[in-house]
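Taking it in order: structure first as structure tokens, then the write-up.
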Amino acid sequence: MKKILLGFMLALGISGSVWAAGGGIPLDKAPKRTNDMAALQNGAKLFVNYCLSCHSASFMRYNRLRDIGLNEKQIAENLTFTADKIGDPMRANIDPLEAKAWFGVNPPDLTLIARSRSSHAGTGADYVYTLLRSYYRDETKPTGWNNLAFPNIGMPHPLWQLQGERKPMFEKVESHGHESELLKGWEQVKPGTLSATEYDQNVGDLVAYLQWMSEPAQNSRVRIGVWVLLFLAAFTVVAWRLNAAFWKNIK
């Protein structure tokens with residue numbers, strides 16, 4: 001048994017070292033803001049301005065944005081850049097063939113990205129939040145960008161004007177006879193229009209919107225679910241007392 005446990009621990013150590021050397025990084029926890037209307041509205045604005053040019057959200061219609069506090073006039077005047085009516089789906093104008101030629105693959109639809117990217121490492125929101133905060137300049141890549149959370153990513157940094165340019169700083173560590181590089185921090189090469197704190201705040205808003213978009217009814221579902229559980233709890237007490245009253249004379 002001791003040999004089995006020792007072998008298992010060594011396997012975990014080796015796999016962890018290889019994972020670190022291969023470029024993967026732990027996922028950061030995305031802030032929970034799906035109930036924050038201001039954050040969702042800002043996230044919708046960022047999505048339309050920086051994501052929708054390449055990525056569609058074809059299972060979401062513009063008029064559903066009324067659920068996050070926007071009226072039809074605000075939606076029509078500020079967000080419907082790729083549609084004629086607010087009842088249209090949120091589709092990108094980019095040609096799929098051109099997109100595949102430029103990026104090597106057609107950009108995926110983002111309607112369900114915050115749910116589909118969930119894994120043992122974290123939620124899909126955690127993944128997107130980490131991804132958008134892990135870009136760095138890499139002149140060896142066709143796009144000029146690389147990403148620690150997605151090494152050799154084909155998508156250039158969509159928010160680089162906001163974040164600026166950074167480069168990762170690593171330190172070498174040795175574990176179980178294997179040397180690996182761990183992320184120590186970031187060095188700002190060129191400033192963006194936002195500070196690091198402001199950038200993280202906006203990325204959090206964007207991720208919150210992607211979470212909301214993946215299931216617009218989730219807040220209502222949770223709210224209704226709470227009332228259903230309260231009703232069932234109250235009904236259980238009533239049913240228990242009725243049962244006791246029914247059987248008391250029969251015994």
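One is the number of the first residue; the rest follow in order along the sequence.
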Please find the pair of heavy atoms, one from [X] and one from [Y], that lie closest to each other, and give the distance.
| X | Y | answer |
| --- | --- | --- |
| Ala149 | Tyr127 | O-CE1, 4.4 Å |
| Tyr199 | Leu132 | OH-O, 2.6 Å |
| Leu148 | Leu183 | CD1-CD1, 3.8 Å |
| Ala92 | Ser56 | N-OG, 2.7 Å |
| Leu206 | Gly43 | CD1-O, 3.6 Å |
| Ala208 | Arg33 | CB-CB, 3.8 Å |

Would you please test Phe59 and Met213 for side-chain contact (heavy atoms from CB on, under 4.5 Å) and show each step? CA-CA 9 Å; Phe59 299 103; Met213 183 170 63; over 6 Å; no
Do Asn152 and Lys141 get their side chains close enough for a donor-acceptor pair, meaning under 3.5 Å? yes
Any side-chain donor-acceptor pair under 3.5 Å between Ser58 and Asp109? yes
For the atom pair [atom1] ([X]) and [atom2] ([Y]), what is the distance rounded to the nearest 0.5 Å?
| X | Y | atom1 | atom2 | answer |
| --- | --- | --- | --- | --- |
| Lys248 | Asn243 | NZ | CG | 12.5 Å |
| Glu77 | Leu70 | CD | CG | 12.0 Å |
| Met169 | Lys184 | CE | NZ | 5.5 Å |
| Glu98 | Cys54 | CD | SG | 11.0 Å |
| Ser214 | Leu110 | OG | CG | 11.5 Å |
| Arg64 | Trp212 | CZ | CH2 | 6.0 Å |

Starting from Phe231, can I reach Ile224 by hopping between I/L/V/M/F/W/Y residues whose side chains sit under 4.5 Å apart? yes
With hydrophobic residues grouped by side-chain heavy-atom distances under 4.5 Å, do Val48 and Met37 end up in a single group? yes
Just checking, Arg133 and Tyr129: is the charged tip under 6.0 Å from the six-membered ring centre and within 45° of the axis? yes
Check whether [X] reaches the backbone of [Y] with its side chain - one donor and one acceptor, N or O, closer than 3.5 Å.
| X | Y | result |
| --- | --- | --- |
| Gln163 | Trp160 | no |
| Asp28 | Asp126 | no |
| Arg115 | Leu112 | no |
| Ser118 | Gly124 | yes |
| Gln74 | Asn71 | yes |
| Gln41 | Ile68 | yes |
| Asp88 | Arg61 | no |

Is there a side-chain contact (heavy atoms from CB on, under 4.5 Å) between Met90 and Leu52 once you walk through the steps? CA-CA 8 Å; Met90 302 179 77; Leu52 194 56; 4.3 Å; yes
Can you find a pair of side-chain heavy atoms, one from [X] and one from [Y], that are under 4.5 Å apart?
| X | Y | answer |
| --- | --- | --- |
| Glu215 | Arg221 | yes |
| Leu65 | Tyr209 | yes |
| Tyr136 | Trp145 | no |
| Cys51 | Leu46 | no |
| Phe81 | Asn93 | no |
| Pro216 | Met60 | yes |
| Leu40 | Asp205 | no |
| Phe170 | Leu182 | no |

Intermediate values then yes/no, side-chain contact (heavy atoms from CB on, under 4.5 Å), Asn63 and Ile75: CA-CA 7 Å; Asn63 57 9; Ile75 298 170; 5.5 Å; no
Let's go through Arg66 and Glu72 carefully: what are the C-alpha distance in whole Å and the side-chain angles of both, what is the deciding distance for salt bridge (charged side-chain N to carboxylate O under 4.0 Å, His left out) to 0.1 Å, and is it a yes or a no? CA-CA 7 Å; Arg66 291 178 297 191; Glu72 293 190 4; 2.9 Å; yes
With side-chain contact (heavy atoms from CB on, under 4.5 Å) as the test, would you mind laying out the steps for Trp102 and Ile94 before giving the verdict? CA-CA 11 Å; Trp102 293 337; Ile94 192 171; 3.9 Å; yes
